[in-house]
Amino acid sequence: MPFTPPPTPARLWLLPHPRRGRGEPAARPLLCEALACSDEQLPLHRSLQGRPLLGPPYERFDTGWSHSGEALLLALGESIQLGVDLEQVRPRPRARELARRFFHADEVRWLEAGAADAMESSFLRLWCAKEALLKAHGQGLSFGLDKLVFAEQQNTMKLVACDAALGAPDDWTVHEWTPLDGYRAALAWRPLTAGAGAV
């Protein structure tokens with residue numbers, strides 16, 4: 001599935017993917033090719049929270065993937081801690097309700113100050129950024145969507161405040177883009193030296 005990857009320190013793949021299919025079977029062959037190892041040699045395992053991790057001799061690499069609709073986005077980076085999220089664009093009539101329930105109050109104010117017809121797309125941008133960063137951190141959504149605060153700066157989502165467990169906001173970079181018509185994506189990363197390393 002051709003697409004122009006954004007300028008990031010991670011290698012990215014966008015693949016066709018069956019709805020509700022597991023991502024790991026599609027990710028493994030590409031990781032093996034990129035790391036020049038066989039499937040049997042790929043030390044891919046999961047943290048207790050389900051985050052994919054690479055063991056020795058590839059512990060300086062980090063990987064993650066996300067699938068939605070009929071597409072899968074895979075990321076692989078070296079000397080960074082990363083997380084990726086892919087979401088199919090679809091009607092989200094409960095966007096305002098979900099934002100008020102789970103997002104930080106500053107983000108809710110930003111969403112509600114925008115044009116009514118932009119609510120769902122703005123909600124999706126925030127959701128992708130939050131999920132990508134929380135996947136990178138290793139805890140996922142259970143950590144709490146309100147414990148990290150994004151603001152739109154120069155047409156991109158910028159982490160401006162977060163729980164101390166996530167480190168400093170300036171450690172993190174988030175890149176958001178449209179990888180394919182009808183989809184939104186976000187990649188979050190920080191240098192491994194900025195925090196405690198991949199969980």
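Throughout, residue positions are numbered sequentially from 1 according to the sequence presented.
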Taking all non-hydrogen atoms of both residues, which atom of [X] and which atom of [Y] are closest, and how far apart?
X: Leu14; Y: Pro179; value: CD2-O, 3.5 Å
X: Leu72; Y: Gly23; value: CD1-CA, 3.5 Å
X: Ala34; Y: Arg11; value: CB-NH1, 3.6 Å
X: Ala132; Y: Ala186; value: CB-O, 3.5 Å
X: Gly64; Y: Leu82; value: N-CD1, 3.7 Å
X: Ala71; Y: His17; value: C-CB, 3.8 Å

Is the backbone N or O of [Y] less than 3.5 Å from a side-chain atom of [X], with the two atoms forming a donor-acceptor pair by type?
X: Gln81; Y: Ala136; answer: yes
X: Glu97; Y: Arg94; answer: no
X: Tyr58; Y: Leu44; answer: no
X: Ser66; Y: Asp85; answer: no
X: Lys147; Y: Asp163; answer: no
X: Arg51; Y: Lys135; answer: yes
X: Glu120; Y: Arg92; answer: yes

Salt bridge between [X] and [Y], side-chain N to carboxylate O under 4.0 Å?
X: Arg184; Y: Glu87; answer: no
X: Arg190; Y: Asp62; answer: no
X: Asp170; Y: Lys158; answer: yes

Subject >> Asp39: side chain to side chain contact (heavy atoms under 4.5 Å, CB included) partners, not counting sequence neighbours >> reply: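 Asp39 satisfies side chain to side chain contact (heavy atoms under 4.5 Å, CB included) with Arg28, Cys32 once adjacent residues are dropped.
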**OP:** For Asp146, enumerate each residue passing the side chain to side chain contact (heavy atoms under 4.5 Å, CB included) test, keeping only those at least two apart in sequence or located in another chain.
**Re:**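 Checked Asp146 against side chain to side chain contact (heavy atoms under 4.5 Å, CB included); zero matches.
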Original post:
Between His175 and Trp177, is the ring centre distance below 6.0 Å?
Top reply: yes
[X] [atom1] to [Y] [atom2] distance, which is reported to the nearest 0.5 Å:
X: Leu145; Y: Arg101; atom1: CG; atom2: CZ; result: 11.0 Å
X: Ile80; Y: Glu78; atom1: CD1; atom2: CD; result: 9.5 Å
X: Thr156; Y: Glu176; atom1: OG1; atom2: CD; result: 4.0 Å
X: Leu53; Y: Glu59; atom1: CG; atom2: CD; result: 11.5 Å
X: Leu126; Y: Leu98; atom1: CG; atom2: CG; result: 12.5 Å

Subject >> Gln139 vs Leu134, side chain to side chain contact (heavy atoms under 4.5 Å, CB included): CA-CA, chis, key distance, verdict >> reply: CA-CA 6 Å; Gln139 296 299 314; Leu134 290 174; 5.8 Å; no
Look at the side-chain heavy atoms of Ile, Leu, Val, Met, Phe, Trp and Tyr, link any pair under 4.5 Å apart, and say whether [X] and [Y] land in one connected group.
X: Met157; Y: Leu187; value: no
X: Trp110; Y: Leu124; value: no
X: Tyr183; Y: Val89; value: no
X: Leu54; Y: Trp13; value: yes

Original post:
Going by the angle between their ring planes, with limits at 30° and 60°, are Trp127 and Phe103 parallel, tilted or perpendicular?
Top reply: tilted
Original post:
Which of these, Leu12, Val84, Leu31, sits in a side chain to side chain contact (heavy atoms under 4.5 Å, CB included) with Leu74?
Top reply: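 Exactly one pass, corresponding to Leu31.
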Any non-hydrogen side-chain atom of [X] less than 4.5 Å from a side-chain atom of [Y]?
X: Glu112; Y: Arg100; value: yes
X: Leu86; Y: Trp65; value: no
X: Glu70; Y: Pro18; value: no
X: Leu159; Y: Val174; value: no
X: Leu133; Y: Phe150; value: yes

**OP:** Could you give me the CA-CA distance, side-chain angles and deciding distance for Glu131 and Leu141, then say whether side chain to side chain contact (heavy atoms under 4.5 Å, CB included) is met?
**Re:** CA-CA 7 Å; Glu131 187 159 2; Leu141 298 179; 4.2 Å; yes
Original post:
Do other residues, nucleotides or ligands put more than 12 heavy atoms under 6.0 Å from the CD atom of Glu33?
Top reply: no
**OP:** Please say which of Trp189, Trp172, Phe143 ends up in a ring-ring contact (aromatic ring centres under 6.0 Å, His included) with His137.
**Re:** Phe143
Original post:
Other hydrophobic cluster members with Val149, side-chain heavy atoms of Ile/Leu/Val/Met/Phe/Trp/Tyr under 4.5 Å, chained?
Top reply: Val160
